[in-house]
Amino acid sequence: MGFFFTESRKPDKHLKGLSPEFLRQHECNVCPLNELKDLQHPKMLPTGSKKPTVLMLGEAPGANEDKVGKQFIGKSGKIIRDRVPKEWEDKLRWSNSIRCRPPENRNPTTQELTCCRPLFERDILETKPKAIFGFGYYPLAQVVRPDTKYAQIGLWRGRRIPVDIEGHRCWYYPMFHPAYLIYERSKRKYIPEGEYGSEAEFAFELDLKRAFADLDDLPEPIIHTTEQATANVEIVDDVNRIATLLDEAAQQPSAGYDLETKGLRPYTNEAKILTASVSTKNRTFSFCLDHPQSIWSRLERKQIDVLMKRFLYESSCKKISHNLPFEMEWSAFFYGKGCLYEGRWEDTQSQAYLLDARRGALSLDFLCLQYFGVHLKEISGLDRKNLDKAPIKQVLTYNALDARYHRLLYLAQHKRIKSEGLIENYEHQLRRIPALVLAQMTGVPVDQSVVKTLKKKYTKRAEEAAAKIAKDESVLRFEEKKGRVFNPGSPQDVNYLIKEILKVEIESTEKSELAHIDHPIAKLIVQYREPTKNISTYIDSVSEGSENLYPDGMLHPTISTTTVITWRSSSEDPNIQNFPKHDDELKEVRSQIKSSDPNIVVVSIDYAGIQARNVAMESLDKNLVNAYWNNYDIHSDWRDRIVKRYPKWIPKSKLSDKEAMKGYRQLAKNKFVFATFFGAQSYTTSQGLEIPRNICEELREEFFDQFKDIEKWHKHLHKFYYENGYVTGLSGFRRRAPVSGTELINTPIQSDESIIVLDAMARLSELEDPRYQPALEVHDDLTFFWPKREVEKRLEVVVKEMVTIPFKWANVVPIEVEASWGPDWINMSKIGSFANNKWDGIVEIKGSM
DNA sequence: GACCCGAGCGCG
DNA sequence: AAAGCGCGCTCGGGTC
């Protein structure tokens, strides 16, 4: 039996010209597997209980199964059977989605799956199981028919889906295929006794355990038919009726709210809200705003704006959207930012993210399939990209359906949020959204004159490097041998050049690897890469003509709070969180980020060493906590301890060189102290510090002798994870299995960090004063664009808010921020460091960790 | 032409 | 055995 988890293993979609109906009708007679001569046991029948609670559904018989004529007796079958609780053994039925063994374990084809499906259906109707546990991709595809893009077992495992098989309704539990677990084990040379072969193996065990535990109290599966989904949608074309319905909705406890728009962002000249829809318990309706096919008179159109505004500002219902930042950004853009803090908004995508953060499974479409067994997008059959050209009635229906499922999904997920004890986390998540939407709307200024200068400068550099490369003798030899032009931007070409022409062994063509090569071409390639990367990633993306730059001359990067597995934010179009800051050759691109008004300056305030403080908060390590209160400099101390154990690390001549010793402190900090906090092993620290492995092992022991509770905390995380199936930080955030050992340590650090920073940002936004609204958030940093003469006054408010953290767990160590300012985003100088441990207004402190 | 993937590299 | 974590973007190189 194979394993079914990658794209390449999906069945081919060709039915060789035969319709699915035809294949279903003729079953085995038109099945290619029926032709096979060498099968020992073709058409293997299901076995086990005739009145089963669960149907255990595999993919197809394997070699062993075919030989003996019994199902689930091979290696994969054993993995499943070993995990069946005794009390369930006689309540199971065993079957495969394909009854004959495909030759040489090849994948079943769509044709074979379709032919076999009626056999499966008849068995279901005869035996009526309450649940199906399906192993791997093929049963999932055959039973649930998820859209191709969702057909990844890794996305579905750990969930349950209501399914309707020819009228029989039951729950489908997708699980990994055991063959995948065998494959994962096979990749490792050695697995210690008692350890899982992979995190997937732990997840598999967890899934099975939870699925069996579910059986005692299975609810009725809810499945919406297309008729139910589309029933009673009112398309409103009368303004008075819109007024009546909106006012009625405003009085309801909850209302789904959805907008269809021209474009994804409201900052373009063509941006329009095309239609809107609202769905309450009694009613689902939609109406036009600026759809080209709308029939409103100018007066009517104005009246609709008044009604929209009233609904957004004055309704007492919960306004529920899926991907709330979208509805908030458009609503605030057209009806004023004030509406973001009026009434109560809810976000079903945030709920879903809290319950299960897997990427790719947060769309309304996916969640409707999971919760209601309904293919939402299939019903509407609408091309979202050209909504302004689609028939208006279709757009309005589609719009209304979305609003309906916003509300239904909210109710379904709310129950689970509550029962999992995640209300507080959801409330925090909700507060992030208006804060980040307001940051998106605030925007980031770009000075196009700087952009032009830099583009010229880096283009010249790239050209110069390219010219030198073209003339290099090694490149000439490459071109002679290959018969084509050498491309310095192609890792493949570079790899060939270094290995086959220069005859130098390399592991990769990364900068660090090239640095070790004693040939001018290595340096030249880096000299070519740097300016080309700078141009394509950081200059072109902010220059006129880029889709990222809007008519207001600003960037409005999209910030997401439901993408990153650890609760951090992410930024795209462009990613403003990874602009060069350190490399002298590259960091100049930050000077593009600048107001054209010379009175406006950039002010950044970042949390000093927040992740290390998170380690102290999490572990409550006595020595680490005290270090913060007593200004003990861990990194200098450990620099000195490393030298003590390995004197060769720092040449004698440098021991009295203050600047050099600062550099070694930095090395000790990043390559040893922090790395060890985060779970790095001696192998890694040895590579980072470039000192022998055994010394690093000794150092590690010495380190955990000083910070005993950090090691304890690492162990606790491990234990908690295997007991509960997720890892959590002090904020209650959860990251669910599979999670690897080092991810276990990092996750609470990143999540608590993000809670602290984004809570501060939310509090600043809630002041509802644009002066204190950050324009950027970069993980430990909030950045503002302020009039120069206002900086001191505004800074006081912001700093105070940032260091006054409302979480008890955070205040076991002092919190410190560092502010800097300048005319642009790179030419910045330090204003000062401020901490809350000596709070007396703003206290500037000297010496930081 | 649209999509997918890995390599490489920027940030915290 | 593997060997801090988390992202987004661009390119080359491939497929359909």
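Sequence lines set the chain letters: A, B, ... in the order given, protein chains first and strands last, and positions in each chain run from 1. Only heavy atoms go into these numbers, but all of them, side chains included; no hydrogens, no water, no symmetry mates.
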Item to check | Any residue meeting ring-ring contact (aromatic ring centres under 6.0 Å, His included) with A/Phe785, in chain and number order, not counting sequence neighbours | outcome: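 None.
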Checklist entry - Quick one: ring-ring contact (aromatic ring centres under 6.0 Å, His included) pairs with a partner in residues 729-750 of chain A, sequence neighbours left out? => result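 Of all non-adjacent pairs touching residues 729-750 of chain A, those that pass ring-ring contact (aromatic ring centres under 6.0 Å, His included) are A/Trp567-A/Phe733.
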Next on the checklist: Once ring-ring contact (aromatic ring centres under 6.0 Å, His included) is applied, what residue pairs with a partner in residues 521-540 of chain A remain, sequence neighbours excluded?
Outcome noted: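 As it turns out, the ring-ring contact (aromatic ring centres under 6.0 Å, His included) pairs with a partner in residues 521-540 of chain A, which skip direct neighbours, are A/Tyr538-A/Phe579.
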Item to check | Pairwise 5' ranking along DNA chain C for A/Thr566 and A/Pro574, keeping only the more 5' one | outcome: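 Checking each residue's closest nucleotide, the 5'-ward one belongs to A/Thr566.
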Next on the checklist: Both A/Phe678 and A/Arg188 contact DNA chain C. Which one's nearest nucleotide lies toward the 5' end?
Outcome noted: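 So the residue in question is A/Arg188.
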Taking [atom1] from [X] and [atom2] from [N], how many angstroms apart are they, rounded to a whole number?
| X | N | atom1 | atom2 | value |
| --- | --- | --- | --- | --- |
| A/Glu199 | C/dA2 | CD | C1' | 13 Å |
| A/Arg529 | B/dG8 | CZ | P | 7 Å |
| A/Leu758 | C/dG6 | CG | C1' | 14 Å |
| A/Glu201 | C/dA1 | CD | C1' | 15 Å |
| A/Ile191 | C/dA2 | CD1 | P | 10 Å |
| A/Asn670 | C/dC5 | CG | P | 16 Å |
| A/Arg185 | C/dA2 | CZ | C1' | 16 Å |
| A/Phe733 | C/dG6 | CZ | C1' | 11 Å |

Touch check for [X], heavy atoms < 4.0 angstrom, all strands: base, sugar-phosphate only, or nothing?
| X | result |
| --- | --- |
| A/Ile745 | nothing |
| A/Thr563 | sugar-phosphate |
| A/Asp573 | sugar-phosphate |
| A/Ala680 | sugar-phosphate |
| A/Ser569 | nothing |

Any [X] side-chain nitrogen or oxygen under 4.0 Å from OP1 or OP2 of [N]:
| X | N | result |
| --- | --- | --- |
| A/Arg359 | C/dG8 | yes |
| A/Ser570 | C/dG8 | yes |
| A/Thr509 | B/dG8 | yes |
| A/Ser508 | B/dA7 | no |

Item to check | Centroid under 5.5 Å and tilt under 30°, A/Tyr190 to C/dA1 | outcome: no
Item to check | side chain to side chain donor-acceptor pair (under 3.5 Å) involving A/Lys187 - partner list, sequence neighbours excluded | outcome: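 Result, side chain to side chain donor-acceptor pair (under 3.5 Å) vs A/Lys187: A/Glu184.
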Checklist entry - Do the non-hydrogen side-chain atoms of A/Tyr628 and A/Ile815 ever get within less than 4.5 Å of each other? => result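 No; the side chains remain at least 4.5 Å from each other.
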Checklist entry - Is the shortest heavy-atom distance from the side chain of A/His718 to the side chain of A/Leu744 under 4.5 Å? => result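 Side-chain contact under 4.5 Å: yes.
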Next on the checklist: Checking contacts here: which listed nucleotide (C/dC5, C/dA3, B/dG8) is nearest the side-chain heavy atoms of A/Tyr683?
Outcome noted: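 Of all the options, the side chain of A/Tyr683 is nearest to C/dA3.
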Return the set of residues passing side chain to side chain contact (heavy atoms under 4.5 Å, CB included) with [X] (not counting sequence neighbours), or none when no residue passes.
| X | value |
| --- | --- |
| A/Glu513 | A/Ile506, A/Glu507, A/Ser508 |
| A/Glu201 | A/Arg83, A/Leu181, A/Arg185, A/Tyr196, A/Ser198 |
| A/Asn323 | A/Pro325, A/Phe326, A/Gln349 |

Next on the checklist: By the salt bridge (charged side-chain N to carboxylate O under 4.0 Å, His left out) test, which pairs, at least two apart or in different chains, include something from residues 740-755 of chain A?
Outcome noted: A/Arg568-A/Glu753, A/Arg735-A/Glu743
Checklist entry - If you look only at pairs with a residue in residues 487-498 of chain A, which of them pass as a salt bridge (charged side-chain N to carboxylate O under 4.0 Å, His left out), with sequence neighbours excluded? => result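 For residues 487-498 of chain A, and leaving out neighbouring residues, the salt bridge (charged side-chain N to carboxylate O under 4.0 Å, His left out) pairs sorted by first residue read A/Arg484-A/Asp493.
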Under 3.5 Å, N/O pairs linking protein and nucleotides 10-12 of chain B:
residue, atom, partner, partner atom, Å
B/dG10, O4', A/Tyr538, OH, 3.2
B/dG10, N2, A/Asn578, ND2, 3.1
B/dG10, N3, A/Asn578, ND2, 2.9
B/dC11, OP1, A/Lys581, N, 2.7
B/dC11, OP1, A/His582, N, 3.0
B/dG12, OP1, A/Lys581, NZ, 3.4
B/dG12, OP2, A/His582, NE2, 2.5
B/dG12, O3', A/Asp780, OD1, 2.7
B/dG12, O3', A/Asp780, OD2, 3.1
B/dG12, N2, A/Arg568, NH1, 3.0
B/dG12, N2, A/Gln750, NE2, 3.0
B/dG12, N3, A/Arg568, NH1, 3.0
B/dG12, N3, A/Arg568, NH2, 3.3

Next on the checklist: For A/Phe672 together with A/His635, are the ring centres under 6.0 Å from each other?
Outcome noted: no
Item to check | Base versus backbone protein contacts along nucleotides 11-16 of chain C [heavy-atom cut-off under 4.0 Å; B, S, -] | outcome: SSS---
Item to check | Consecutive-pair stems (3 or more, Watson-Crick or G-U, under 3.5 Å) for DNA chain C | outcome: B:1-12 with C:5-16
Checklist entry - Under the ring pair (Phe, Tyr, Trp, His ring centres under 6.0 Å) criterion, do A/Tyr726 and A/Tyr721 qualify, and how do the steps go? => result CA-CA 5 Å; A/Tyr726 63 86; A/Tyr721 168 68; 8.7 Å; no
Item to check | Pairwise P distance for B/dA7 and C/dA3, with rounding to whole Å | outcome: 15 Å
